[in-house]
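Here the structure comes first, spelled out in structure tokens, and everything after it is commentary.
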Amino acid sequence: MPELPEVETTCRGIAPHITGQKVNALIVRQPKLRWPVPDDLSEKVCNKTIIKVSRRAKYLLIHFDHGAAIFHLGMSGSLRIVDHNTPLKKHDHIDLQLNNKKVLRYHDPRRFGALLWQNKEQLHPLLDHLGPEPLSDTFGGNYLFQQSRKRKTAVKTFIMDGSIVVGVGNIYANEALFSAGIKPDREAGSISRKRYYLLAKTIKSVLSQAIKQGGSTLRDFVGGDGKPGYFQQTLNVYGRGSEPCKQCGKSLKEIRLGQRSTVFCNGCQR
DNA sequence: AAAGACACCTGGGAGC
DNA sequence: TGCTCCCAGGTGTCTT
């Protein structure tokens, strides 16, 4: 479910409700996520005050004086703010109960997500060796061009590699490549600097557009049924295999790259 | 070193 | 209605 824009939207949505709050309890009903929830996490966060919420790649960090709880939403995870008496649904695995009678509730049917802990001033191994944030100034066409030299992997696989750039998931990789007019299976190392400038630009714009739209549905993260913002995003190719290209009308092609569904227009992308 | 396959897990939809 | 099969927004780890 969550690509970078949804994690960012979640981060912004929950921050005002939990920042400055003291944690009353951590309830872990199902510790078997992608990695087990640490046994001692409850002791680490109980009676401690949340000082900040931030995002790095698709990780959501809840900061305390002495360290941070790290959430990852995996494929199907979501975090929402609910009232303390809100009935549990299936797959509501974790509650972080706050002083203000609100609960930060983690829901994740497939359990590919995670809840971990990192000590102060010491980067968790998972957050080490990550590439730049796509929306930062250190990420751009020149960087992509340089990183891609002599690489034979498909350009789509390349931009989805978290050590190159974080946060470009399957939906937005497809969309950014369409907008840049680049065929997803082109060898990364064979693409010109000029075209990487355009690709970096479309990656940034497709992600910021989605975040902007997610911002309009922030209330969904504090009640309601929690429909993620990017469901509203206009998708040009993702999920539209064999439908007509919105640009030229030709039938969109669907292939698999790195076991991921890949959709593109043979006419508009080369 | 880089590329590709596989793993984790549940639910929904298609096809029979 | 119910069974079987395939697919799904991620990403660490193992094998070539």
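Below, chain A is the first sequence line, B the second, and so on; all start at residue 1. Treat the numbers as computed from the prediction; the structure is a model and nothing was measured. When reading the values below, keep in mind they use all heavy atoms of this one structure, side chains included, and skip hydrogens, waters and symmetry mates.
Look at K32(A) and you won't find any side-chain N or O under 4.0 angstrom from OP1 or OP2 of dC8(B).
Cluster annotation: W117(A) is not connected to L127(A) through the hydrophobic network of ILVMFWY side chains, with a link wherever side-chain heavy atoms come within less than 4.5 Å.
K90(A) comes within 4.0 angstrom of sugar-phosphate atoms only, judged by non-hydrogen atoms across all strands, and of no base. R260(A) comes within 4.0 angstrom of a nucleotide base, judged by non-hydrogen atoms across all strands. As judged by a 4.0 angstrom heavy-atom cut-off over every strand, Y59(A) is placed among residues touching the sugar-phosphate backbone only.
A straight line from CG of L33(A) to P of dT11(C) spans 15 Å, rounded to a whole angstrom. Here dG11(B) presents its P atom at 9 Å from CZ of R111(A), a figure rounded to the nearest Å.
Comparing L130(A) and Y238(A) along DNA chain C, the residue whose closest nucleotide (by nearest heavy atom) sits nearer the 5' end is Y238(A). Place G167(A) and R110(A) on DNA chain C by their nearest nucleotides, and R110(A) ends up nearer the 5' end. Between Q259(A) and T153(A), the residue whose closest nucleotide on DNA chain B is further toward the 5' end is T153(A). Summary of the strand contacts: R34(A) and H91(A) both lie near DNA chain B, and taking for each the nucleotide with the nearest heavy atom, the more 5' one is attributed to R34(A).
Side chains of T262(A) and K156(A): a donor on one and an acceptor on the other come within 3.5 Å. Side-chain polar atoms of S261(A) and E254(A) form a donor-acceptor pair below 3.5 angstrom. For the residue pair Y172(A) and N174(A), no side-chain donor N or O sits within less than 3.5 Å of a side-chain acceptor on the partner. Between D92(A) and H107(A), the side chains place a donor N or O and an acceptor N or O closer than 3.5 Å (distance only, hydrogens not considered).
A gap of 23 Å separates the P atoms of dA1(B) and dT11(C), to the nearest Å.
Counting only distance, with no hydrogens or angles, the side chain of R55(A) and the backbone of Y59(A) share no donor-acceptor pair below 3.5 Å.
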- Message: What does the 5'-to-3' dot-bracket notation of DNA chain C look like when only Watson-Crick and G-U wobble pairs under 3.5 Å count, and pairs to other strands show as |?
- Response: .|||||||.|||||||
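Taking 3.5 Å as the limit, the base of dA2(B) and the side chain of R151(A) contain no donor-acceptor pair of atoms between them.
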